[in-house]
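Encoded as structure tokens, the structure appears first; notes follow it.
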Amino acid sequence: MTSAIADEFESHRPRLFGLAYRLLGSAEEAEDTVQDAYLRFSGVDRAGIEHLGAWLAKVVTNLCLTRLTSARARREQYVGSWLPEPVVTSDGTLGPLESAEQRDAVSMAVLVLLERLTPTERAVYVLREAFAYDYRAIADVLDLTEANCRQLHRRAVQRVGEPESRFTAARERQEELVASFVTAAREGDLGGLEKLLAADVTWWSDGGGKVSAALRPVEGRDKVIRFTLGALRKWGTDLRIETAEVNGGLGLAMWVGDALAAVLTFDVRDGLIGDLRAVLNPDKLEFVRGQLVGS
């Protein structure tokens, strides 16, 4: 009986993880949330569940709302810039990402923007934008009226902004920019880096107080170039750089020996690198390291 319950739940796990991650911005917390949902499912009378997928989505969403309330207080006390946990997406961990809009929705840039929303606004936005729920279905999940859900979605879109072209670029252009960036940075080619970076480029670092990292964003092309070259010198000659699809776009995994030192993602704006986000907090790299080692 236990095996049958587990098998029934497992068919829903990928979708539930994708939902929880989009709501929380944390792969570790998303895994814990999905496991909590399984424990609830294993102890409930399934005869009363008409649509299992909808029931599980409601459980996961409400578990995430509870976590988001406490997470907001923790993030206000976070040391330095807070960034979401990076996730390799080429293996389907976050579901199909076939369109530019789907990739954009899981980008680090958009997940950071979602931090502007209240927990309920975020839930409405994610269910509507990422999972195409209609307002009646969202109302059922959140125990709200359809009119209230429409209002919350409208407010969320206003606060996050409409999808912006700066968050997406053709894969070929991404590959060209990232490869040129790595080559120029390794060679200390200042002129090469200048041609790749937007004038108002910003570098965000998330060390969480666990490792050395810039506590404030590094802003402007010249400062970002100096910061990039300094970071490479700090990591030394043992640094190994690998490309991977991270949060729907091309990113870099920075290895020193067997240790994953950082994951770097890029936002492309008008054909140039507009923002770089580096996650160095070792706690936030555990999930993605497991993905990279296992791939």
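The figures here come from the full heavy-atom set of this structure, side chains too, leaving out hydrogens, waters and symmetry mates. The model shown is predicted, which means the values in this text are computed figures rather than measured ones.
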Any donor-acceptor pair under 3.5 Å linking the side chain of [X] with the backbone of [Y]?
X	Y	result
D206	L83	yes
R103	G249	no
R22	G18	yes
T61	K58	no
N247	V106	yes
K210	L280	no

Distance-only side-chain donor-acceptor flag, [X] / [Y], under 3.5 Å:
X	Y	value
Y78	N281	yes
E245	T89	yes
T33	R67	yes

Electrostatic pair [X]:[Y] at N-O distance under 4.0 angstrom:
X	Y	result
E28	R289	no
R154	E121	no
R277	D267	yes
R221	D200	no
R240	E242	yes
R171	E175	yes

By salt bridge (charged side-chain N to carboxylate O under 4.0 Å, His left out) - contacts of K234 (at least two apart):
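Scan of K234 (salt bridge (charged side-chain N to carboxylate O under 4.0 Å, His left out), adjacent residues dropped) gives none.
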
Does any part of the side chain of I241, heavy atoms only, come nearer than 4.5 Å to the side chain of R186, both counted from C-beta?
yes

Heavy-atom side-chain contact between F266 and L177 under 4.5 Å
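No, too far: nothing below the 4.5 Å cut-off.
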
Mind checking what makes side-chain hydrogen bond (donor to acceptor under 3.5 Å, both in side chains) contact with R226, not counting sequence neighbours?
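Counting only residues at least two positions away or on another chain, R226 forms no side-chain hydrogen bond (donor to acceptor under 3.5 Å, both in side chains).
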
Pairs touching residues 205-235 that satisfy ring-ring contact (aromatic ring centres under 6.0 Å, His included), sequence neighbours left out
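The answer is W203-F227.
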
Please evaluate residues E29 and R74 with respect to the criterion salt bridge (charged side-chain N to carboxylate O under 4.0 Å, His left out), reporting the C-alpha separation (whole Å), side-chain torsions for both, the decisive distance (0.1 Å), and the verdict.
CA-CA 14 Å; E29 288 194 65; R74 293 197 306 273; 3.4 Å; yes

Apply the test side chain to side chain contact (heavy atoms under 4.5 Å, CB included) to residues I273 and F181: give CA-CA distance (whole Å), side-chain angles for both, the deciding distance (0.1 Å), then the verdict.
CA-CA 9 Å; I273 296 172; F181 175 84; 4.1 Å; yes

Check the angle between the aromatic planes of H153 and Y135 and answer parallel, tilted or perpendicular using the 30° and 60° thresholds.
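The arrangement is perpendicular - the two ring planes meet at more than 60°.
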
Please determine whether the number of non-hydrogen atoms from other residues, nucleotides or ligands lying under 6.0 Å from atom CZ of R40 exceeds 12.
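Counting other residues, nucleotides and ligands, CZ of R40 stays at 12 neighbours or fewer.
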
Could you check whether atom CD of E10 has more than 12 heavy atoms from other residues, nucleotides or ligands sitting under 6.0 Å from it?
yes

Taking the six-membered ring where the residue is Trp, are the ring centres of F287 and F17 under 6.0 Å apart?
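When the ring centroids of F287 and F17 are compared, they turn out to be within the sub-6.0 Å range.
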
Residue pair T66, L63: steps toward the side chain to side chain contact (heavy atoms under 4.5 Å, CB included) verdict
CA-CA 5 Å; T66 300; L63 287 170; 5.8 Å; no

